[in-house]
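Quick notes on the structure that follows.
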Amino acid sequence: MTRLTKKRRGEVSKSMRLTGSNDDVGFRALIEHELHLNAALDHFCIRDQIRALARRRKLEQLFQRFKEPHVDMILANGIECLCRELQVDPQDIVMLVLSSHMRAATMCEFSRQEFIDGLEALGVDSLETLREKIPSLRAELKDEQIFSVIYNFAFDWAKEEGQRSMTLDTAIGMWQLLLTEKCWPLVDHWCLFLQARQEKAISRDTWTMVLEFVKMADPVAPHYDADGAWPSLIDGFVGYLREGGIFPSS
Amino acid sequence: MNTPKKRNFKIEAFKHRVEVDPKYAEKTWKVLEHAIHEIYNHNASGLSFEELYRNAYNMVLHKFGDKLYSGLIATMTLHLKEISKSIEAAQGGLFLEELNRKWGEHNKALQMIRDILMYMDRTYVSNNNKTPVHELGLSLWREHIIHSENIRSRLLNMLLEQIYRERTGEVIDRGLMRNITKMLSDLGPSVYQEDFEKPFLEVSASFYSGESQQFIECCSCGEYLKKAERWLNEEMERVTHYLDPKSEPKITSVVEREMIANHMQRLVHMENSGLVDMLVNDRYEDLGRMYSLFRRVPDGLSTIRDVMTSHLREKGKQLVTDPERLRDPVDFVQHLLDEKDKYDKIIGSSFNNDKTFLNALTSSFEYFINLNGRAPEFISLYVDDKFRRGLRGVSEEDVEAVLDKVMTLFRYLQEKDVFEKYYKQHLAKRLLYGKTVSDDAERSLIVKLKTECGYQFTSKLEGMFTDLKTSQDTMQGFSAGQGPEAAGEGPAIVVQVLTTGSWPMQPSAACNLPAELLPVCERFRAYYLGTHTGRRLSWQTNMGTADLRVAFARNQRHELNVSTHQMCILMLFNSADRLGYREIEQATEIPAADLRRCLQSLACVKGKNVLRKEPMSKDVGDDDAFFVNDAFASKYYKVKIGTVAAQKDSEPEKQETRQRVEEDRKPQIEAAIVRIMKSRRVLDHNNVVAEVTRQLQSRFLPNPVVIKKRIESLIEREFLERDKADRKLYRYLA
């Protein structure tokens, strides 16, 4: 390794900080440019840009492959194709995780920007790399915090645009997807209860609080505090469970 | 040197050898001892007080105090022993008298002895810490008489026997008793307490325990209480006559315990004569007695109160849930008022207007009146009845009294907003049909409601009054502007202009008015809109009345007073002899249900059937035909045609009213939540609920579940948000 003066070493680490590259890359760039920091930095940025552009071009091609012919969006058909390519069921919850990474605004839709930025942020540039990514995406659900983020993301994602709340059918579908993943034993009761209640829509507050309830409810439901400011839907659910003898009545 | 020596002078005291006779003390004592004997033997008249005093003085002076003192004790003891024997010897009833007599003598003797030995008392006794003569005499009396074996128990038994005899109705010598107990007290409070009071209280307790057992078995509650009261008075009297005043609280507490406290529950619940029976039969005297006796013992009053409350609640519950009663709202409310009066009177006359009882009364009424969801409606109907009929010719004060009573019932209501809803409907009808007996009384009640519930509650009611007043002025202006030529021909109208929103009417589509009426209506519209720009007028043809002059066949003329709808129907017959139901419906466009009712009233009510119907039947069918009833006859010139009453509020309608109330509550609850959150910024769920309930309770009792739903709705509309960390906390979003 080339001996570096103290000054040089400072510059190297500065360049590394600026470019975010690791030691090796930084050194190599530096050496190639006869240890001239500015030139090295230029080189580094340019190379990076080139690489990024190349990746974007690949993603662009990917997007073109799936997008609708007349709209600049990937819609249901495109997603179906994508899923087929990825060998994933479109109903698979992992698609929700993927959508959350893409910050998709609406279910079954990816805009160009969402698709490309999202995949780029995942560090993916081809179908193969994306397929390889799937297991790690799925694993994210196990993390309680990430699950919460995805759960809350799902509300905006699944509800109809411009609406404050989510229709009951959508909500039931999403709950079945998410809460089964969470292994909540009461998920079937919950959905039956919702259908019986004929609630029209689910508000964001109720949606959020249901996860809170799921987190705490199962083992401690007999201690359920009716004064605990739970949304009335959840109050109703606990009453329903007690009536049905699924929970001991308090 | 001859220095003069200082010499100390000493002046010797004058020494005068007083030869003391060695027998002196002995001699002197003999004199005194003799005197004491004489005193006890009632021979004191021959004694020289001066000589004896000097002798005693000298003895003390010559240091023979000791001898004198011990001699006194010995002599007195001797005499007391004799006395004790003579008392013991006294037979039966004489015992107490003898004791009393001897005690008197002893006291007198003691007095004299003390006087003789006064010098000893002052010097020797106080220097040597001995007991002074008088106290000494008492303590010796105590020791040798009262505490002597043969006297002690006999005395006590005699005393207790005397008291027992008095309790069982015999007359005893109260003076003697007083002297004896006074003696015991004089001998020291402990003597009185130990030798008399304690056993006395014990014996009394068992006496009253026995008596109470016996009486409670055979007496009614009222009689028993009378007895208890008498006993209590007797004991207090006994104390004033011959016991120490300090005994009073003790003996009364014994009687209270034995006679009342121990039997409280049994007395109160006694069948056919207990508290409930007294309440039912308004036995004020017994109730008052029970109150004054029970208040003396712990938990006494609460026992009465609890029984009264549960009885009242039970009875009230029956009253408000009895389906028979529900048929007649006026009777229903009258019963409530009677019940209230009854208990007011009981508490006033028997329970000393006790605050806690009044509170219990209030809470009981609040409890049961709200068991019946129709109570608000009924109270309004009651008022309606009063204002239409009941208050006619009643003086102003009596009207006020009735209204005040209604207000007390109103205060018990939780759902005051439901009352308001019905009251508005009933008031509107009274006002529009001019059915109210007294405008002043109407206003008076509104003022009362306003004081109770605030401006908001009555603003619409007041608006209704204002509308009518303004309408009068408008009509005056209108008819003044009409000129005489317009007034002469064609129909005349009187219009009441009602502000939308103030009146409880649902806007309904106007029917087609007869052509004869249209010009005058149009004129009024033009006049009104000319003076009030920017307003809209619509006709409420489902209300109002009309007077029609009708000429039947055979020159029968009548003036018919009919509703607006009926008028529209009748006018059609000016140009037709026969009209089918469908024709009428088409021509008038009166809603079917109303039309059927109108036709029924015109054709099917006997005596008022100005129309004839084919076929003749009670109900109006789609294919029926109508004719003017030429055979119509009435002995009156003016005939009022009523409208067949609509079916009373049917179940779905009631439900609808209920729903409307619930709907009206929502914005009020939301407003309260927002008000609270705006000032508190952050507040937890339970406090929000409590605060909302508090703010709204003057109008209704909001259901916590409903409040929660409103909070959720406000969260959804982003007035509030839930705290990120603590789901029970709400934040106000400005």
Side-chain angles (χ1 to χ4, degrees), chain A residues 144-145 147-149 151-153 155-156 158-168 170-171 193-194 197-218 220-221 223-240 242-243 250, chain B residues 655 659 662-663 665-670 672-678 680-697 700-734:
Chain A
E144 188 138 312
Q145 247 171 347
F147 184 85
S148 290
V149 171
Y151 178 90
N152 288 328
F153 161 81
F155 185 80
D156 288 312
K159 80 175 168 61
E160 264 178 62
E161 230 177 315
Q163 294 288 320
R164 276 223 170 96
S165 38
M166 197 192 266
T167 59
L168 186 68
T170 317
F193 162 76
L194 287 173
R197 271 278 282 243
Q198 299 189 320
E199 202 80 6
K200 280 186 217 80
I202 301 300
S203 72
R204 178 189 302 277
D205 182 56
T206 306
W207 177 263
T208 316
M209 294 313 286
V210 165
L211 182 61
E212 294 285 306
F213 178 71
V214 168
K215 279 189 201 159
M216 78 118 231
D218 163 39
V220 285
H223 309 300
Y224 179 78
D225 175 15
D227 297 329
W230 292 104
S232 43
L233 193 62
I234 296 180
D235 283 343
F237 179 54
V238 171
Y240 166 87
R242 286 189 175 139
E243 243 169 61
S250 56
Chain B
Q655 231 134 60
Q659 225 163 22
E662 294 294 339
E663 281 305 314
R665 284 177 183 183
K666 282 184 183 171
Q668 296 188 46
I669 296 174
E670 286 184 357
I673 297 170
V674 169
R675 248 191 329 266
I676 292 158
M677 292 307 294
K678 196 168 182 180
R680 305 287 283 270
R681 316 307 293 188
V682 180
L683 198 63
D684 67 295
H685 178 77
N686 287 346
N687 271 317
V688 175
V689 172
E691 194 61 17
V692 168
T693 311
R694 201 184 57 71
Q695 282 201 6
L696 292 174
Q697 68 188 357
F700 59 91
L701 203 65
N703 182 337
V705 176
V706 177
I707 299 180
K708 187 184 249 183
K709 288 229 167 94
R710 290 302 97 210
I711 293 175
E712 282 172 35
S713 161
L714 288 169
I715 291 177
E716 211 179 326
R717 286 178 283 155
E718 293 174 353
F719 283 93
L720 307 179
E721 70 173 357
R722 213 185 268 276
D723 188 89
K724 298 268 180 315
D726 183 353
R727 62 161 197 279
K728 289 188 188 180
L729 278 187
Y730 302 124
R731 294 177 178 283
Y732 181 72
L733 295 173

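Atoms considered below: every heavy atom in the structure, side chains included; atoms not considered: hydrogens, waters and symmetry mates. Numbered from 1 within each chain, the chains take letters A, B, ... in sequence-line order.
- Between A:D205 atom CG and B:L720 atom CG the span is 10.0 Å, to the nearest 0.5 Å.
- Here the side chain of A:R204 pairs no donor or acceptor atom with the backbone of B:I715 at under 3.5 angstrom.
- In the displayed structure, A:F147 atom CZ is contacted under 6.0 Å by more than 12 heavy atoms of other residues, nucleotides or ligands.
- Residue contact with chain A, scored on non-hydrogen atoms closer than 4.5 Å, involves the backbone and the side chain of B:E716 alike.
- Side-chain contact between B:R722 and A:P231: present, with at least one pair of heavy atoms (C-beta onward) separated by less than 4.5 Å.
- When heavy atoms are compared at a cutoff of 4.5 Å, B:R727 approaches chain A by way of both its backbone and its side chain.
- The backbone N or O of A:D235 lies less than 3.5 Å from no partner atom in the side chain of B:K708, so there is not a single donor-acceptor pair.
- Side-chain contact of A:S232 with B:E712: a donor-acceptor pair under 3.5 Å is present, judged by distance alone.
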